Amino acid sequence: MARTEQVLVLEPQHELKFRGPFTDVVTATLKLTNPTDRNVCFKVKTTAPRRYCVRPNSGVIDSGSSVNVSVMLQPFDYDPNEKSKHKFMVQSMLAPYDMTDMEGVWKEAKPEELMDSKLRCAFEMPLENDKTHESESNKTLSSSTSSVQTEHSALPKSASASLDDGEVKKIMEECKRLQMEVQRLREENKQIREDDGLRKRKPTSMAATHPSSSSVMATSAMRDEGLSIRVLALCVLFFVIGVIIGKLAL
């Protein structure tokens, strides 16, 4: 009895091409598409299993879905006079509705239920002209990319450096101004404290003569407290600016 015609659509249909050089692993992709309304089991076999690595080499393709199979040719000494006799076969069958064990399904499958497609392998070496042109193109592209990256990285770096210098200069000037302001406020605070001490040492008779001295002392205390708060705020601001300068220096 003749076998059922293959229901899977293969891309490529008849030939897997591997393009050298073959000093490293060369991969070809085989796309399997299931256009039916049934799930399909598949297996990929080769006449040279030691020369190829196939992933995945078996599985189930859902209805209307596709699977990409990677066929990896292992490195070998290529002889252009030797024609490839390697072949691949894609075997498939409709998956049973109650399938639980795929290996068991393959073992119990009847010959008329199996479908297969065969592909041959072809090895190609790039021509010398293609190699030279490709090498020169890669060098030109690499050189252009490097120059663009260098210019791109150099411009922002110089701009950033000049900007940082300007900012540092402004902050240093502001620090000097704040330092002078703090020093001035300290001197004023010191003078106010000395004046308060002199007023406290005055005789009680003076306090009787000038009943408003307590209010003057309260006003001076409030002024002293206000100046202390300003000094504290300026010190905090000075500390924050110092931290910023430290980060810019790093």
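We use all heavy atoms of the structure for the numbers below, so side chains are in, but hydrogens, waters and symmetry mates are not. For reference, positions follow the sequence shown, starting with 1. Predicted, not measured: the structure shown is a model, and the values here were computed from it.
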Distance check, rounded to the nearest 0.5 Å: [X] atom [atom1] versus [Y] atom [atom2]?
| X | Y | atom1 | atom2 | result |
| --- | --- | --- | --- | --- |
| Thr27 | Leu16 | OG1 | CG | 11.5 Å |
| Arg120 | Lys17 | CZ | NZ | 9.5 Å |
| Trp106 | Glu113 | CH2 | CD | 10.5 Å |
| Gln91 | Gln6 | CD | CD | 9.5 Å |
| Met89 | Lys45 | CE | NZ | 4.5 Å |
| Leu30 | Glu11 | CG | CD | 9.0 Å |

Does Met93 belong to the same Ile/Leu/Val/Met/Phe/Trp/Tyr cluster as Met99, with side-chain heavy atoms less than 4.5 Å apart forming each link?
yes

Group every Ile, Leu, Val, Met, Phe, Trp and Tyr by side-chain heavy-atom contacts under 4.5 Å, then state whether Phe76 and Met125 land in the same group.
yes

Which pair of heavy atoms, one from Pro35 and one from Val7, lies closest together, and at what distance?
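Result for this residue pair: CD-O, 3.3 Å.
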
Which pair of heavy atoms, one from Pro12 and one from Leu119, lies closest together, and at what distance?
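Scanning both residues completely, I find the closest heavy atoms to be O-CD2, 3.4 Å.
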
Steps toward side chain to side chain contact (heavy atoms under 4.5 Å, CB included) verdict (Leu32, Val9):
CA-CA 6 Å; Leu32 305 178; Val9 178; over 6 Å; no

With side chain to side chain contact (heavy atoms under 4.5 Å, CB included) as the test, would you mind laying out the steps for Glu124 and Arg19 before giving the verdict?
CA-CA 5 Å; Glu124 297 179 351; Arg19 186 174 178 83; 3.8 Å; yes

Distance-only donor-acceptor hits, side chain of residues 77-88, under 3.5 Å, sequence neighbours excluded:
| unit_1 | atom_1 | unit_2 | atom_2 | d |
| --- | --- | --- | --- | --- |
| Asp79 | OD1 | Asn81 | N | 3.1 |
| Ser84 | OG | His86 | N | 3.4 |
| Ser84 | OG | Cys121 | O | 3.4 |
| His86 | ND1 | Tyr52 | OH | 2.8 |

Would you call Met115 and Leu8 a side-chain contact if the rule is heavy atoms closer than 4.5 Å?
no

What I'd like to find out is whether the side chain of Arg51 reaches to under 4.5 Å of the side chain of Gln74, using heavy atoms alone.
no

Pair up each side-chain donor or acceptor in residues 55-73 with any protein partner under 3.5 Å, not counting sequence neighbours, and list the distances.
| unit_1 | atom_1 | unit_2 | atom_2 | d |
| --- | --- | --- | --- | --- |
| Ser63 | OG | Thr36 | O | 2.5 |
| Ser66 | OG | Thr33 | OG1 | 3.0 |

Does Arg38 use its side chain to pair, donor to acceptor, with the backbone of Ala95 at less than 3.5 Å?
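Judged by distance alone, yes, a pair lies under 3.5 Å.
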
